[in-house]
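Remember, it's a predicted structure, so these values are computed and weren't measured experimentally. Within every chain, numbering begins at 1; the chains are lettered A, B, ... in the order of the sequence lines, protein sequences first and strands thereafter.
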Amino acid sequence: MSDRTTTSNETPFRYTAQMAQDIELSWQDRWEEEGTFNAPNPAGPWAEPDKVAARGEKLCVLDMFPYPSGVGLHVGHPLGYIATDVYSRFHRMLGRNVLHALGYDAFGLPAEQYAVQTGQHPRKTTEENMTNMRRQLRRLGLGFDNRRTFATIDPEYYRWTQWIFLQIFNSWYDADAVRPDGGLGRARPIAELVAQFESGERPLPGGDTRAWAQLSDAEQAKVLEGYRLAYTSEAPVNWCPGLGTVLSNEEVTNEGRSERGNFPVFRRNLSQWMMRITAYADRLADDLDRVDWPEKVKVMQRNWIGRSAGARVAFPVTLAAGERAGSTTDIEVFTTRPDTLFGATFMVLAPEHPLVDSLVPEGGWPDGTHDDWKGADAEASATPQAAVAAYRLAASRKSDVERQTEGKDKTGVFTGSFATNPVTGQPIPVFVADYVLMGYGTGAIMAVPGHDERDFEYATKFSIPVVRVVAPSLDEADAPLADAYVGDGVIVNSASDVADLNGLGVEEAKARIIAELEEREIAEGTINYRIRDWLFSRQRYWGEPFPIVYDEDGVVHALPEEQLPLTLPDVPDYSPKTFDPDDANSSPEPPLSRVPEWVEVELDLGDGRGRRRFRRETNTMPNWAGSCWYYLRYLDPANDTAIVDPGNERYWMGTWPTPVAGAPAGTKDPGGVDLYVGGVEHAVLHLLYARFWHKVLHDLGYLESEEPFRKYFSQGYIQAYAYTDARGQYVPAAEVEEHPGGPGEEPTFTWGGQQVFREYGKIGKSLKNSVSPDEMYDAYGADTFRVYEMSMGPLEVSKPWETRAVVGAQRFLQRLWRNVVDEATGEVVVTDDAPDQALTTQLHRTIQGVRDDFEDLRFNTAIAKLIELNNSVTKLGVAPREVVEAMVLMIAPVAPHIAEELWSRLGHSGGVAYAPFPEADPSKIVEEQVTCVIQIKGKVRDRVEVAPDISEDELRELVLARDKVRAATQDGIRTVIVRAPKLVNVVPM
RNA sequence: GCCCCCGUAGCCCAAUCGGCAGAGGCAGGCGACUUAAAAUCGCUCGAGUGAGGGUUCGAGUCCCUCCGGGGGUACCA
């Protein structure tokens, strides 16, 4: 495969892999020495305003933060980096000041797991991995500003991660505060909330009438906890014994397992750090309109946030048990269909609903209770208390997985109580059933079997009346319902002395009933969200320590900013306490809790109370923390007084005067990174968390931009074939031989003579189909590898790696090389003669096409156009300098090393990195003749050469006079469609 | 089940506004170079666009139904 050995004595100057390597290494050294890709900053410690002024508009290009894997890169990993590098280099040649840098996301579970597996300290393995990855990427010739690199594990970086945590901790969300843009709601310093409590402007929550100063420290802390954007809370969380840590909702699959490692996850009540991302739910959903992202990812985020408009409605009920037995209270439900309130014939509470106990009467069932309502457990069905207790116990023992896998078969038990439908006044039975979830809405529903599929199933199974309140038309008001009718229509059977909705449309009825019931204080229009607060603590070693201590009363204190960073201590045993993955009753044990000399400290927090004893927080942050803001640090990595100088943030990420394409009219641009490229797997994790932090920092006045990523492009993956033998074991894919099948048959595959079976999917060491970039550098060189990856197809689609196809990219570069350099003598062989008309036209058309393609990230078609142009030049035998130089500049973003070399051999000093990109001359694109296609009834029947500026009338006449057209139109002409100059379609009678 | 995306040559992919189905690459075939092979170079073969229907003068492109592949989501009231 390598032609390293094929450089014969006759062609010592051929562009071989060896030649490519020599060229590439020497230019990489030169770029590094000269700091070619360093981007000047307008402000901060590196301020070079003169250099900034000397360049054109800024452009901030970003790749998703890589995690330095222990096994090194495979050929799929650099795809996005090459794409962003091509885009960056293209824009440098257009004169823009381009910032492109790469750092490392080095904290977190994978790094720690790799260290545990190899029995080494995570810092050691992580640093080794980063060294290897840096080497692999440097060899690829990426034009990063290497001054701007860092890793999340650097104390000088995580100092600021901890600082941001403190800003969030010391903030609350004031939903009534007016933002500069006129919207409502923003984060404010917690001190301003304390001031409101102190002055009495804001009453204490829960009807507490004491003055703020009368509260103890612990009581004050408790109150503030209810407001802080980062807070501890005792709540049901996702405990994963197999990983020894808790996980956020976003890290748990819908099968109820950990996204990483696929271990079972259990719900446990534990005290954990949370981030109040729910406060930002509206803005996170609304502002998706303002960014240029793939629609698919926007939809995924909107679904995750899960905003739905509806109403909270109170259903009165008389308590049947408990201290307040006999008194009346309300069961509050959330519904998106208040228009169907008249059709609510029963209610359902989640098994965990706190009201259940007081709804179940002592003694027997109410007279006439349907046997089906008493529960599936015959032994427990004698009394409501026994039946409900049995049902709740059974439900509590079910995992989320079991609840789901049991499918749609509805189960439930009657509580023995009836509530009152507030609009009909009718008593309706209240059930406990596990198809209602405590975690959504109020954990209780009004069930409308006529117009909700789940309620219909339940009503059918338990013989509950079904009432139609929506019909396709008034005529069908009493048509029987064979299924829940969920379509649009007109409201029927919905009148009482409370309200009359009959005849209204669904949307009108919703508005009407909410208005009526709000007046009576029975309901209120409301918005409900699916998103929950973000669980932020992990019981692992390899993460940022929280800058938090607890005093002897258990009150939370933030470390003063001057005491940051709080460094991660070196510990003898950094591995997590391991558990049986299925042991739901295990409890997390953070490794840091095993270091008492670090945990128990005496500190002066600078609060005037002197040195006191404290206990440190022993949880660590999730690896999302470091990746939530790294893009900001690239802008000003050496700044030790701020996360980023405001001048740098405004310059690199500030808002543009015009909004992104496709934004609604009147939209204000949110600013942010100009191009962000990465895989879609972080659609609701990293991309949502980073947006949240960015908005908090914006609210607190640290950032001008409102979004982190103005344009996000989701790249496809490079995948590969893998092969298994008869036992299902993977065999080395590189050694498999393909045998073509007969016509219409699949090919067959053998390895070492035995038949093997092909599958398609991810690249991985364990699948034995991994190809490393290093192998490509050795066999072809980095430029060939770059050209191949960029020419495989559109950046956004996934496509299969095919090593044997890489040679096509090499042949192209060889042909380009040969057009400039004589393989035998090394002499430059271009001619100074001007290209002919046809080649000139092709050149300028190519320039225009390549510019457009690069701008729109269509690198595959740009390369195809360059191959075409190069092929035209090759056919001439001798290459005109004008065309060759333009080609060298145009290929430079994709294949920068060979371009530098050829550019220099063509007699230019100064390099191609900042050479101006060729400009198309529109006057030279115009051809003297164009081919006009003549269609008869839509089928191509003739062609004619015409002038490009021929008029429609001239062309029509010309075409109608042609023999073939006259022959076809002897019976007359129905119509003639003229699209001058390229097409005429004649339709005969 | 629901929602979204994608089906063009043996394979990866072009066709930008509804206007000649083919730009580019791989593989295959033939030829040149070679003692021979590899590499290289030149030439060349190759689909009617997943299936069916519709709109249109004209459909890969727009609409409907179905089939196949991928992704998201799943009792979210």
Side-chain angles (χ1 to χ4, degrees), chain A residues 1-3 5-8 11 14 16 254 294-297 299-300 303-304 306 308 310 333-337 348 403-404 406-410 433-437 439-448 452-455 457-458 528-530 680-681 683-684 738 740-741 743-747 760 787-788 791-794 796-812 814-815 818 823 849 852-853 856 858 860-868 871 874-875 931-941 943 974-977 979 982-988:
Chain A
M1 184 177 308
S2 165
D3 64 353
T5 56
T6 62
T7 304
S8 69
T11 56
R14 170 168 288 189
T16 60
N254 53 32
E295 200 52 39
K296 178 175 70 165
V297 178
V299 167
M300 284 165 68
N303 286 345
W304 186 261
S308 54
V333 304
F334 173 75
T335 177
T336 56
R337 293 297 302 275
V348 183
R403 276 200 188 187
Q404 282 171 26
E406 283 175 15
K408 302 273 184 204
D409 189 26
K410 298 285 182 290
D434 68 1
Y435 82 92
V436 171
L437 308 176
Y440 185 80
T442 62
I445 62 159
M446 64 175 214
V448 184
D452 181 281
E453 283 168 19
R454 299 150 300 179
D455 299 343
E457 281 174 42
Y458 194 87
N528 197 53
Y529 301 89
R530 198 184 90 106
V680 75
E681 71 272 19
V684 289
E738 180 173 346
E745 284 172 23
E746 295 291 307
Y760 179 60
V787 169
Y788 173 66
S791 65
M792 289 172 79
E796 66 272 21
V797 307
S798 292
K799 48 237 156 184
W801 175 261
E802 195 182 358
T803 297
R804 66 178 179 179
V806 180
V807 70
Q810 189 187 33
R811 286 179 192 151
F812 163 52
Q814 281 182 334
R815 281 199 298 274
R818 217 165 15 239
E823 288 185 339
D852 293 347
D853 285 347
D856 293 341
R858 293 190 304 257
N860 54 326
T861 50
I863 291 168
K865 290 178 173 86
L866 289 169
I867 290 174
E868 234 179 315
N871 287 348
T874 303
K875 283 195 178 78
T931 306
C932 176
V933 170
I934 300 169
Q935 297 180 341
I936 311 284
K937 224 181 156 196
K939 300 273 187 280
V940 180
R941 290 287 178 266
R943 290 183 173 81
R974 187 188 300 268
T975 183
V976 181
I977 290 111
R979 294 282 180 274
K982 300 194 78 169
L983 179 134
V984 177
N985 186 9
V986 181
V987 185

Problem - Set of residues satisfying ring-ring contact (aromatic ring centres under 6.0 Å, His included) with respect to A/Y458, sequence neighbours excluded - result: A/F346, A/F431, A/Y435, A/F462
Completion exercise
Of B/C57, B/A77, B/A23, the nucleotide closest to the side chain of A/V987 is B/C57
Exercise for the section: Would you indicate which nucleotide in B/G24, B/G72, B/C75 comes nearest to any side-chain atom of A/N871? Expected result: B/G24
Exercise for the section: Ignoring the backbone of A/R811, work out which of B/C20, B/G72, B/U40 is nearest its side chain. Expected result: B/U40
Practice task
Using the P atom as the reference point in each nucleotide, state the distance between B/U49 and B/A59 in Å, no decimals.
Solution key: 11 Å
I'd like a list of close polar pairs between nucleotides 8-17 of chain B and the protein, N/O only, cut-off under 3.5 Å.
unit_1 : atom_1 : unit_2 : atom_2 : d
B/C12  : O2'    : A/M792 : O      : 2.9
B/C13  : OP1    : A/S798 : O      : 3.4

Problem - Under-4.0 Å side-chain N/O to phosphate OP1/OP2 contact, A/R818 with B/U40 - result: no
Problem - Proximity of A/W801 and A/Y788 rings by center, below 6.0 Å - result: yes
Exercise for the section: Test for a donor-acceptor pair under 3.5 Å between the base of B/C20 and the side chain of A/R943, counting only N and O atoms. Expected result: yes
Exercise for the section: Tell me, please, which residues at least two apart from A/N871 pass side chain to side chain donor-acceptor pair (under 3.5 Å). Expected result: A/R815
Handout entry: From B/A21, B/G72, B/C26, nucleotide with atom closest to A/V940 side chain
Key = B/A21
Problem - A/K410 NZ - B/A77 C1' separation (whole Å) - result: 12 Å
Exercise for the section: On RNA chain B, check which nucleotide each of A/V986 and A/R815 is closest to and give me the residue with the more 5' one. Expected result: A/R815
Problem - Rounded distance in Å between the C1' positions of B/G54 and B/G18 - result: 15 Å
Exercise for the section: Could you tell me whether the side chain of A/L983 reaches within less than 4.5 Å of the side chain of A/Q935, counting heavy atoms only? Expected result: yes
